[in-house]
Protein chains: 2
Amino acid sequence: MTTKLSKDRIVEAALAILDTDGSGALTFRALASRLATGSGAIYWHVADKNELLAAATDYVIGRAMSGVVGGADPREAIRAIALGLFDAIDAHPWVGAEPLQSGMVLVFEGIGGRLQALGVPDRALFDCWSALVNYILGVAVQNAANARHRPQGTERTDALGAIAARWAQLDPEIYPFMRRIAADLPGHDDRAQFLAGIDLILAGILGSPVA
Amino acid sequence: MTTKLSKDRIVEAALAILDTDGSGALTFRALASRLATGSGAIYWHVADKNELLAAATDYVIGRAMSGVVGGADPREAIRAIALGLFDAIDAHPWVGAEPLQSGMVLVFEGIGGRLQALGVPDRALFDCWSALVNYILGVAVQNAANARHRPQGTERTDALGAIAARWAQLDPEIYPFMRRIAADLPGHDDRAQFLAGIDLILAGILGSPVA
DNA sequence: ACCTGAACACCGTTCAAGT
DNA sequence: ACCTGAACACCGTTCAAGT
């Protein structure tokens with residue numbers, strides 16, 4: 001007889017399936033066979049598939065955030081938190097599919113605390129915090145969505161190239177900007193661009209504009 | 001014999017189902033019975049469910065963007081585009097579920113063109129544009145996700161109140177900021193906050209910081 | 001060309017029955 | 001208390017057969 005079944009072991013097995021074969025492969029039957037048990041047994045430890053996905057998500061986010069060092073400079077800390085989340089979702093694109101919320105308090109607190117440390121006044125705090133947090137979550141989730149919906153085997157650069165080619169063929173009378181920006185798309189660095197956006201928002205909050 | 005089946009009629013029926021009963025109710029069987037045909041007939045006009053959802057999404061976004069008036073002031077135009085997308089996704093929360101991309105060129109072009117009109121220099125254009133567009137899409141999509149995953153019948157304010165209550169109970173040693181911000185959560189105005197974030201990013205791009 | 005609807009290969013979830 | 005696995009009520013998609 002093998003190790004007793006537990007929620008932890010189930011989540012662990014789910015993570016293995018999600019990371020190797022994607023969210024489409026996570027079925028209770030696949031899970032049961034990997035754990036050498038019946039599919040019904042899983043329901044003794046986990047309410048349903050939503051709870052399973054939420055637990056897997058929390059695990060990934062929690063691990064990513066625990067790896068983020070405190071750091072002295074609040075700006076650097078904000079960048080580190082943002083990049084930690086970005087990389088975690090990038091490495092596990094299935095994370096972006098369901099709503100995050102629960103595991104996200106660590107991110108929320110981290111960003112909020114640093115904004116206070118940067119001296120953002122009380123009246124502006126809520127708006128600044130929410131703008132930053134929304135940007136970080138939004139970009140990370142969309143990045144993951146792009147990775148998820150890219151046909152397997154397709155390189156990221158190729159996929160961007162295809163989009164850029166489509167943009168370049170748009171009617172230049174109606175879409176002059178798309179035509180112009182298409183050239184910059186394939187070569188661009190996601191992470192660098194993500195950080196540039198954060199700096200932009202921080203500049204809006206603290207001064208020293210970009211343009 | 002009724003009107004001939006067509007992709008347009010199928011998309012129209014799909015929209016009706018999505019808007020009244022949510023994305024869970026959109027099945028080929030439900031669609032077929034509403035159109036008084038066999039489920040296989042739909043496949044003659046539409047490749048699969050993904051194409052159907054993409055077409056429905058494009059329709060909603062296209063209509064929302066066509067309602068946005070040009071306007072003289074680029075800042076106002078940016079706000080109008082952003083709010084148009086925000087409201088469209090808010091009214092049809094199922095839109096945020098699949099990747100947008102295709103219908104999004106209108107938004108991309110609209111924002112990009114106005115940034116040029118505002119005099120953003122070439123070297124900063126790509127980063128500024130992508131930060132703004134990412135923020136707008138990110139917030140709109142997450143807002144829709146929250147609406148989608150809120151138990152039906154629950155009021156938005158109640159749902160936010162529940163989250164705030166959870167935040168208020170966190171350990172104040174570890175989560176001082178969450179405790180502080182919890183009070184602001186239930187009463188806040190999504191749209192106003194969304195606009196505040198856009199102003200913040202524009203301030204970062206153009207100067208005149210908030211703090 | 002276009003439509004019909006049964007059939008196929010799946011799902012998540014439940015539940016009587018076992019230990 | 002915990003596990004088993006067949007059974008139920010669904011899906012998306014296909015396809016022989018019709019018009």
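Keep in mind that the numbers below use all heavy atoms, side chains included, and drop hydrogens, waters and symmetry copies. Here is how names work: the chains are called A, B, and so on, in the same order as the sequence lines, proteins then strands, and each is numbered from 1.
- Between B/Trp167 and A/Trp129, the ring-plane angle classifies as perpendicular under the 30° and 60° cut-offs.
- With respect to the salt-bridge test (charged N to carboxylate O, under 4.0 angstrom), the residues B/Glu109 and A/Arg179 do not qualify.
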Polar atom pairs between nucleotides 13-17 of chain C and protein, under 3.5 Å, N or O only, would you list them?
| residue | atom | partner | partner atom | Å |
| --- | --- | --- | --- | --- |
| C/dT13 | OP2 | A/Tyr43 | OH | 2.9 |
| C/dT13 | OP2 | A/Lys49 | N | 3.1 |
| C/dT13 | O5' | A/Tyr43 | OH | 3.2 |

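- At a threshold of 4.5 Å between non-hydrogen side-chain atoms, the residues B/Val95 and B/Arg148 do not count as touching.
- To the nearest angstrom, P of D/dT19 lies 18 Å from NZ of B/Lys4.
- Rounded to the nearest 0.5 Å, atoms CD1 (B/Ile10) and CG (B/Leu5) are 4.0 Å apart.
- In DNA chain C, stems built from 3 or more consecutive Watson-Crick or G-U wobble pairs, each with both distances under 3.5 Å, span C:4-8 with D:12-16, C:12-16 with D:4-8.
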What pairs of donor and acceptor atoms, side-chain ones from residues 185-197 of chain B against any protein atom, are under 3.5 angstrom apart with sequence neighbours left out?
| residue | atom | partner | partner atom | Å |
| --- | --- | --- | --- | --- |
| B/His188 | ND1 | B/Leu185 | O | 2.7 |
| B/His188 | NE2 | B/Asp190 | OD1 | 3.2 |
| B/His188 | NE2 | B/Gln193 | OE1 | 2.9 |
| B/Asp189 | OD1 | B/Arg191 | N | 3.0 |
| B/Asp189 | OD1 | B/Ala192 | N | 3.3 |
| B/Asp190 | OD1 | B/Arg156 | NH1 | 3.4 |
| B/Asp190 | OD2 | B/Arg156 | NH1 | 2.7 |
| B/Arg191 | NE | B/Asp87 | OD1 | 2.9 |
| B/Arg191 | NH2 | B/Asp87 | OD2 | 2.7 |
| B/Gln193 | NE2 | A/Ser130 | OG | 2.7 |

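- Atom CZ of residue B/Phe108 and atom CG of residue B/Leu137 lie 5.5 Å apart, to the nearest 0.5 angstrom.
- When rounded to the nearest whole Å, the span between CG of A/Leu53 and C1' of C/dG12 equals 12 Å.
- Going from atom CD1 of B/Ile42 over to atom P of C/dA1 covers 20 Å, rounded to whole Å.
- Residue pairs that meet the side chain to side chain donor-acceptor pair (under 3.5 Å) test with at least one member in residues 25-34 of chain A, sequence neighbours left out, do not exist here.
- With sequence neighbours excluded, the residues forming a side chain to side chain contact (heavy atoms under 4.5 Å, CB included) with B/Asp8 are B/Ser6, listed by chain and number.
- One atom, CZ of A/Arg9, and another, C1' of D/dC3, lie 13 Å apart when rounded to the nearest Å.
- Protein atom CG of A/Leu35 is 10 Å distant from nucleotide atom P of D/dC3, rounded to whole Å.
- Distance A/Lys7 NZ to D/dC2 C1': 17 Å, rounded to the nearest Å.
- As a whole-Å value, the separation of A/Leu26 CG from C/dG12 P is 7 Å.
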For a quick test of your reading: what N or O donor-acceptor pairs under 3.5 Å do the side chains of residues 54-62 of chain A make, sequence neighbours left out?
| residue | atom | partner | partner atom | Å |
| --- | --- | --- | --- | --- |
| A/Thr57 | OG1 | A/Leu53 | O | 2.8 |
| A/Asp58 | OD1 | A/Ser102 | OG | 2.8 |
| A/Asp58 | OD1 | A/Gly103 | N | 3.2 |
| A/Asp58 | OD2 | A/Ser102 | OG | 3.2 |

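- For the OP1/OP2 pair of C/dC3 and a distance below 4.0 Å, the side-chain nitrogens and oxygens of B/Trp44 include no atom meeting the criterion.
- Among the heavy atoms of the strands, none lies under 4.0 Å from A/Leu31.
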